[in-house]
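Working notes, structure below.
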Amino acid sequence: MSAPYGPRPRTPLPDVSVLFPWRAWTRHPWFRSWTTWVFVALIAVPPLATTLPTSGSDDILLPSIVFAFYFAAAWFLVLWKVVAPGGVTGPVLALVAGIALVVEAPVAMALERALAADTDTLLAGIVTVAVPEELAKLLPVAALALVHRRAWHTLSPRDFLFLGATCGLVFGAVEAVKYANDYMVIDDARSGLTLAWRLLTGPIVHACWAGLSAYFLGLASRYRDAGPWLALAGLGIGLPALLHGLNNRVAGEYGVAWAAVEGLSALLFLGYARIGLVAAVPPRVTTGVPWAVGHPPAPVAAPWPAGHPSAPVADPARPAPAPWPPPLRPGTPPPAAPSGRVPDLPTTRLPVVGRP
């Protein structure tokens, strides 16, 4: 019995260029995008890291370096999506990351040795460990902001936050490698989990603290007076250092408190990254106070003073515009104040397209 609608036509197989459009892929912009190849590397690197040569059963230097920076790169993509910095360019980002990789760890270790690092008490851990590390992570951003203060004046505090978070990722990855090779002994499952935490979430937690510091540094860069500058810079170091010290105090022993401190750090970072959006100050703004996004713009100074040769001259052929509102005639009472009730707007039924 044949089909009620006649025989079904035979459909040929699609062309090879449809099944495997290699030529279209290679010509498409996504093929040359750096995010494409980072995504591919994030999938291909872990199997490759397991084949790296080691000198002994306890030598995990090369694998730990690969895995630490592997997770740091993955977190970098997340931060790029979450923060979405508008004023950060590729060269600036590469310069900050390069300086962070070279100077952060030596500066932090030198400060900790000078202060005789001690974590027996919360106060000692904050002063001798947390503060030096937060200062070391902030150093690349602060130094470049000082050297290039004319160009960096256009960056918003959110851009500073992203650059600081990048420095924190680098520091966290280097610290994870150092702990994995110098201090940790993998002799049971718990120590293995601690190593996994160091490599996986250590970089992003340091990024959150460093981002907070850099955000307040970006706010402080908007003020020329010493008082507000020092207050904001001190808050930018004090708040992350407090969270850092609390984290070191409860890490590994009090799981709930440990999770609470790191969760609070993440929430504060996201709050400043997504809601505390303060725009960069335009170059000709008359007020020195930054305004939030969405706030009416501050008054901008005139491009030239009155009487300047470049100032526009009124055309005598064109009459001057009438003042608005028009002046009241003598004896006319002023208009009544509005009652506060919005008048009802006339409702108009619009015709539906295609309906008579």
Side-chain angles (χ1 to χ4, degrees), residues 42 67-85 104 108 119 121-127 129-138 141 157-158 160-176 179-180 184 189-219 232 234-278:
L42 290 176
F67 276 107
F69 284 93
Y70 165 84
F71 289 120
W75 284 118
F76 175 81
L77 294 181
V78 175
L79 290 176
W80 185 276
K81 182 65 176 178
V82 170
V83 181
E104 282 183 343
T119 57
T121 63
L122 176 61
L123 181 59
I126 293 175
V127 175
V129 176
V131 170
E133 292 186 1
E134 297 306 322
L135 285 173
K137 289 185 290 185
L138 190 61
V141 180
R158 181 175 60 172
F160 275 82
L161 176 139
F162 182 77
L163 293 174
T166 303
C167 294
L169 284 177
V170 174
F171 182 87
V174 173
E175 185 187 59
Y179 269 90
M184 298 197 65
R190 186 174 183 84
S191 59
L193 292 175
T194 304
L195 176 61
W197 168 79
R198 285 282 181 186
L199 297 174
L200 176 58
T201 62
I204 189 60
V205 173
H206 277 288
C208 290
W209 297 331
L212 293 177
S213 298
Y215 181 85
F216 283 99
L217 178 66
L219 287 179
L232 290 171
L235 183 60
I237 293 296
L239 179 59
L242 175 61
L243 294 171
H244 192 165
L246 288 172
N247 183 81
N248 291 347
R249 186 64 178 169
V250 301
E253 298 181 3
Y254 308 97
V256 176
W258 189 13
V261 172
E262 295 200 349
L264 178 60
S265 302
L267 283 176
L268 287 174
F269 177 84
L270 290 176
Y272 285 110
R274 303 304 299 271
I275 301 176
L277 306 180
V278 180

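Positions are given from 1 along the sequence.
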Between [atom1] on residue [X] and [atom2] on residue [Y], distance to nearest 0.5 Å:
X: R249; Y: T121; atom1: CZ; atom2: OG1; result: 6.5 Å
X: T166; Y: K137; atom1: OG1; atom2: NZ; result: 12.5 Å
X: I204; Y: F269; atom1: CD1; atom2: CZ; result: 6.5 Å
X: L212; Y: L161; atom1: CG; atom2: CG; result: 7.0 Å
X: N248; Y: L122; atom1: CG; atom2: CG; result: 9.5 Å
X: H206; Y: S265; atom1: NE2; atom2: OG; result: 10.5 Å

Do you know the tightest heavy-atom contact between [X] and [Y]?
X: L200; Y: W75; result: O-NE1, 2.8 Å
X: A210; Y: G164; result: CB-O, 3.1 Å
X: L235; Y: P240; result: O-CD, 3.9 Å
X: E134; Y: S213; result: OE1-OG, 3.9 Å
X: V129; Y: T119; result: CG2-CG2, 3.8 Å
X: A207; Y: A165; result: CB-O, 3.3 Å

Any [X] side-chain heavy atom under 4.5 Å of [Y] side chain:
X: L243; Y: N247; value: no
X: E104; Y: V170; value: yes
X: F69; Y: L169; value: no

Can you say whether the rings of F67 and Y70 are parallel (under 30°), tilted (30 to 60°) or perpendicular (over 60°)?
->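 Perpendicular, since the angle between the ring planes exceeds 60°.
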Only one of W209, F162, F160, F216 forms a ring-ring contact (aromatic ring centres under 6.0 Å, His included) with Y272, so which one is it?
->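 Going through the options one by one, the only one that passes is F216.
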Not counting sequence neighbours, which residues clear side-chain contact (heavy atoms from CB on, under 4.5 Å) with V82? List them please.
->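 V82 satisfies side-chain contact (heavy atoms from CB on, under 4.5 Å) with V78, L270, R274 only.
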